[in-house]
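If you're wondering where the values come from, they're calculated on a predicted model, not measured in any experiment. In what follows, chains carry the letters A, B, and so on, assigned in the order in which the sequence lines appear, proteins first and then strands, with residues in each chain numbered from 1.
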2 protein chains.
Amino acid sequence: MVPVMARALHHPATDTLELTGVLHALSDPVRLEIVRGLAAEGGCERRCNAFALPVTKSTRTHHFRVLRESGVIEQRAEGTAVVNRLRRKELDSRFPGLLDSVLSAR
Amino acid sequence: MVPVMARALHHPATDTLELTGVLHALSDPVRLEIVRGLAAEGGCERRCNAFALPVTKSTRTHHFRVLRESGVIEQRAEGTAVVNRLRRKELDSRFPGLLDSVLSAR
DNA sequence: CTGAAAGTACGACGATCATCGTACCAAACT
DNA sequence: AGTTTGGTACGATGATCGTCGTACTTTCAG
């Protein structure tokens, strides 16, 4: 039996990712911080809760949704929590070099 | 004597370019088309007029300004026209690989 | 069973954005 | 001097965005 909260999470296919959508998703400081956190230590997974962000729960949910719907992250339900993974391989395949250049930027 | 229209064009210094600003500038289809046009044939310069864009003159001016103020392009007055140049070298220096990955994306 | 934990859903708010039309301006051409 | 050319300035408008609070749901621990 699939958990209820895991059903409705839509993830775009790799070959349908739009460049403008990804760029827009990455153009917000809060979301960029999330992506950097997920990229640390090489493709680790982290719960939505495990980020120190200067926004409330609702805003947090909003940003994670933008990242998921643009194809930057994958979300998976695990109990009451949601585990996030950076779709590094898919992004590298669709937009080679983009993620690396963004992550290495200071 | 410097032409009047060339005075007020502000260009941010290379080391002050902000990643989120550049990403936001590149996240619009019209502006992305402008950047692609400027990147064609290796660093050519083109007038604002020399782009086939689905927007009016005012909107055109707006997009060119966003690109300039984020540091993506340089604008220079030449008679009544404005000549645009992609700040490729500066972008490559500040955000290595970013522009190339965006331009090679389809 | 009760309650806490972790998110989501929904609506609201102000801010920013992309777009446009009109008016304006400076340079070039006649 | 007048006109055309190429663009800017200045609102205005409707859409999207980032933020929040409140209410709700699901899961897990006691």
Per B/K57 side chain, nearest of listed nucleotides C/dA18, C/dG7, D/dG6: D/dG6
Nearest-nucleotide pick for A/T61, side chain only, options being C/dT8, D/dG7, D/dC17: C/dT8
Connected via hydrophobic side-chain network under 4.5 Å: A/L32 and A/V55: yes
Over 12 non-hydrogen atoms of neighbours within 6.0 angstrom of CD in B/E74: yes
Heavy atoms of other groups near A/Q75 CD, more than 12 under 6.0 Å: yes
A/R60 to A/F51 six-membered ring, cation-pi geometry met (6.0 Å, 45°): no
Side chains of B/V82 and B/R76 in contact at under 4.5 Å (non-hydrogen atoms): no
Side-chain touch A/R87/A/P12, heavy atoms, less than 4.5 angstrom: yes
Protein-nucleotide distance ([X], atom [atom1]; [N], atom [atom2]), rounded to Å:
| X | N | atom1 | atom2 | value |
| --- | --- | --- | --- | --- |
| B/R68 | D/dG7 | CZ | C1' | 12 Å |
| A/R31 | D/dT16 | CZ | P | 15 Å |
| A/N84 | C/dG7 | CG | C1' | 11 Å |
| B/E69 | D/dT8 | CD | C1' | 13 Å |
| A/R76 | C/dT8 | CZ | P | 14 Å |
| A/R65 | D/dT16 | CZ | P | 15 Å |
| B/N49 | C/dA28 | CG | P | 16 Å |
| A/F64 | C/dA9 | CZ | P | 15 Å |

Touch class at under 4.0 angstrom, heavy-atom based, for B/R47 against every strand present: sugar-phosphate
Presence of salt bridge, B/R47 and B/E78, under 4.0 angstrom: no
Inter-residue atom distance B/I73.CD1 - B/R31.CZ, 0.5 Å rounding: 10.5 Å
Measure all distances between protein nitrogen or oxygen atoms and nitrogen or oxygen atoms of nucleotides 28-30 of chain D, and list the pairs falling under 3.5 Å.
none

5′-ward residue of the pair B/A81/A/S27 relative to DNA chain D: B/A81
Closest-nucleotide ordering on DNA chain C, the 5'-leading residue of B/V66 and A/V83: A/V83
Below 4.0 Å: OP1/OP2 of C/dA6 and any side-chain N or O of A/R60: no
Test log, rule salt bridge (charged side-chain N to carboxylate O under 4.0 Å, His left out), inputs B/R85 and B/E90: CA-CA 12 Å; B/R85 179 185 71 85; B/E90 295 96 316; 3.2 Å; yes
Using the 3.5 Å cut-off, write out each protein N or O paired with an N or O of nucleotides 19-22 of chain D and the distance between them.
{"unit_1": "D/dT19", "atom_1": "OP2", "unit_2": "A/H63", "atom_2": "NE2", "d": "2.4"}
{"unit_1": "D/dC20", "atom_1": "OP2", "unit_2": "A/T56", "atom_2": "N", "d": "3.0"}
{"unit_1": "D/dC20", "atom_1": "OP2", "unit_2": "A/T59", "atom_2": "OG1", "d": "3.3"}
{"unit_1": "D/dG21", "atom_1": "N7", "unit_2": "A/S58", "atom_2": "OG", "d": "3.1"}
{"unit_1": "D/dG21", "atom_1": "O6", "unit_2": "A/S58", "atom_2": "OG", "d": "2.8"}

